[in-house]
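For ligands, and for the atoms within them, numbers begin at 1 and follow the listed sequence. Everything quoted here is computed from the prediction, not taken from an experiment. All residue numbers refer to positions in the sequence shown, counting from 1.
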Amino acid sequence: MEHVILDVDTGIDDALAIAYAVHSPELDVLGITTCFGNVSQKEATRNTLQVLDVLDADDNIPVIPGANEPISGQHIKEKSTRIHGEDGLGNSGLPLSKRTPYSSEAADFIIEKMEEYPGQITVIAVGPQTNMALAIQKNPEIVRLAKRVVIMGGAVTVPGNVTPNAEANIYADPEAASIVFKSGMPVTLVGLDVTMQTLLRVEDVQQWGEVKSDYSDFLQTICNFYMDAYHQFNPELGGSALHDPLAVGVVIDPSFVKTTPMHVGVNVERGDALGNTHEVAQKNKNVEVCLDIDVDHFVSHFLNRIV
Ligand code: RIB
Ligand code: CA
């Protein structure tokens, strides 16, 4: 079993990623750290607790609040209300959870677990990189203690989604992403290069209606919202992208993707190119970039696991 920490900004596709991880026996979810991004950190924490309730997940999975603002202290990106709803979960109106967030801080939790399981922890980071960057700044030793960080973020060979040049998670805190990329920690980048090919379609979601439970109702509500939102932005696409679940998938089964070692830089200058992730002609490769994907293999695995 792979020991993982999920770092999330829950978010609809984050919720799907949590469900996928919790339903996967290959993964030992040691904790879920939260970050601002799609919503505020407080909302991401609340949503994560609610998702664990609806999944009827183990009470022992701690949820640890993290950063509520970028490392620079200046919010760059607004909440993603149009894609994820006012509440971040497609306005699903879930009851408040009785679970309580862990009393530690995300960065401290990441450090603590890396020290407890040297060389064995994979962080699956599917929001801005702020918690990871803060952990590295607090204790640079974790660069050597981590197994790797699998990041849903970036768009190395394709256009961005929040600006023509930038993907949302990197754009929300480019300085943090730059710190992680430059740190020397093994990084796998699951960016729009591959995630935009992994589509959830109307017929997939309709099938969940045949299994009647609170959980299948919840899945349908959030995914219907997510698909409507995607349809408004890009009717040609024919579905909505499984960004965050793919980062989990790559840890469950690395054969879903093929990676290419690259030196990837992050543009941190304010301006049109802010948050851009691009290949830099440099010998030392700092990131394994996912550029090829077996779409059918991944999507069918995800769909089978999720319900
Ligand atoms: O660009 C896609 C990413 O931005 C996903 O992690 C989604 O949840 C949003 O945070
Ligand atoms: Ca996310």
J.: Between D14 and ligand 1, find which residue part has any heavy-atom pair under 4.0 Å and reply side chain, backbone, both or neither.
T.: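 D14 to ligand 1: side-chain contact only, backbone stays beyond 4.0 Å.
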J.: Measure the distance from atom 8 (O) of ligand 1 to every protein heavy atom, then report the residue, atom name and distance (to 0.1 Å) of the closest one.
T.: D13 OD1, 2.5 Å
J.: Please report which non-hydrogen protein atom sits nearest to atom 6 (O) of ligand 1, along with the residue it belongs to and the distance in Å to one decimal place.
T.: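 I find the closest protein heavy atom is D244 OD1, 2.6 Å.
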J.: Below 4.0 angstrom from a heavy atom of D9, which ligand 1 atoms are there? Numbered from 1 as shown, please.
T.: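 With D9 as reference, the close atoms of ligand 1 come out as 10 (O).
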J.: With no hydrogens and no angle check, do the side chains of K258 and S255 hold a donor and an acceptor under 3.5 Å apart?
T.: no
J.: Does the side chain of N139 pick up a donor-acceptor pair with the side chain of E115 at under 3.5 Å?
T.: yes
J.: Return yes or no for this condition: an N or O of H243 is under 3.5 Å from an N or O of ligand 1.
T.: no
J.: Is there a side-chain contact between Q129 and D173, using heavy atoms and a 4.5 Å cut-off?
T.: no
J.: Quick one: look at I12 and ligand 1, take heavy-atom pairs under 4.0 Å, and tell me if it's side chain, backbone, both or neither.
T.: neither
J.: Can R148 and E2 be counted as an ion pair, charged N to O under 4.0 angstrom?
T.: no
J.: Does one side chain, of D272 or N165, offer a donor that lies under 3.5 Å from an acceptor on the other?
T.: no
J.: Give me the residue, atom name and distance of the protein heavy atom closest to atom 2 (C) of ligand 1.
T.: E167 OE2, 3.2 Å
J.: Please state whether the separation between the Ca ion (ligand 2) and some N/O/S atom of A168 is under 3.0 Å?
T.: no
J.: Which heavy atom of the protein is the closest neighbour of atom 4 (O) of ligand 1, given with residue, atom name and distance?
T.: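 That would be N169 OD1, 3.4 Å.
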J.: Taking both backbone and side-chain atoms of V126, is any N or O found less than 3.5 Å from an N or O belonging to ligand 1?
T.: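 Yes; the residue has a nitrogen or oxygen that sits under 3.5 Å from a nitrogen or oxygen of the ligand.
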J.: Check ligand 1 against A168 and write out every atom of the ligand that is under 4.0 Å from a heavy-atom position of the residue.
T.: 1 (O), 4 (O)
J.: How close does the nearest protein non-hydrogen atom get to atom 9 (C) of ligand 1, and which residue and atom is it?
T.: N38 OD1, 3.2 Å
J.: Does the side chain of T48 come under 3.5 Å of the side chain of T34 through a donor N or O and an acceptor N or O?
T.: no
J.: With backbone taken as N, CA, C and O and side chain as the heavy atoms from C-beta onward, which portion of T195 lies under 4.0 Å from ligand 1: side chain, backbone, both, or neither?
T.: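 Neither part.
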J.: Can you name the N/O/S atom of D244 that is nearest the Ca ion (ligand 2)?
T.: OD2
J.: Between the side chains of E288 and T188, is a donor N or O closer than 3.5 angstrom to an acceptor N or O?
T.: no
J.: Taking 4.0 angstrom as the limit, do E43 and K79 come out as a salt bridge?
T.: yes
J.: Between E69 and K77, does at least one N-O distance fall below 4.0 Å, as a salt bridge requires?
T.: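 No.
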J.: Does any N, O or S atom in D13 come within less than 3.0 Å of the Ca ion (ligand 2)?
T.: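 Checking the Ca ion (ligand 2) against D13, no N, O or S atom falls under 3.0 Å.
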J.: Looking at H297 versus F302, is the centre-to-centre ring distance below 6.0 Å?
T.: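 No, the ring of H297 stays outside the 6.0 Å limit from the ring of F302, centre to centre.
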J.: Checking one value in my table: which N/O/S atom of D9 lies closest to the Ca ion (ligand 2)?
T.: OD1
J.: List ligand 1 atoms under 4.0 Å from M152, heavy atoms only on the residue side.
T.: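 In order of number, 2 (C), 3 (C), 5 (C), 6 (O).
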J.: Would you say H263 and N284 are linked by a side-chain donor-acceptor pair, where the criterion is simply a distance under 3.5 Å?
T.: yes
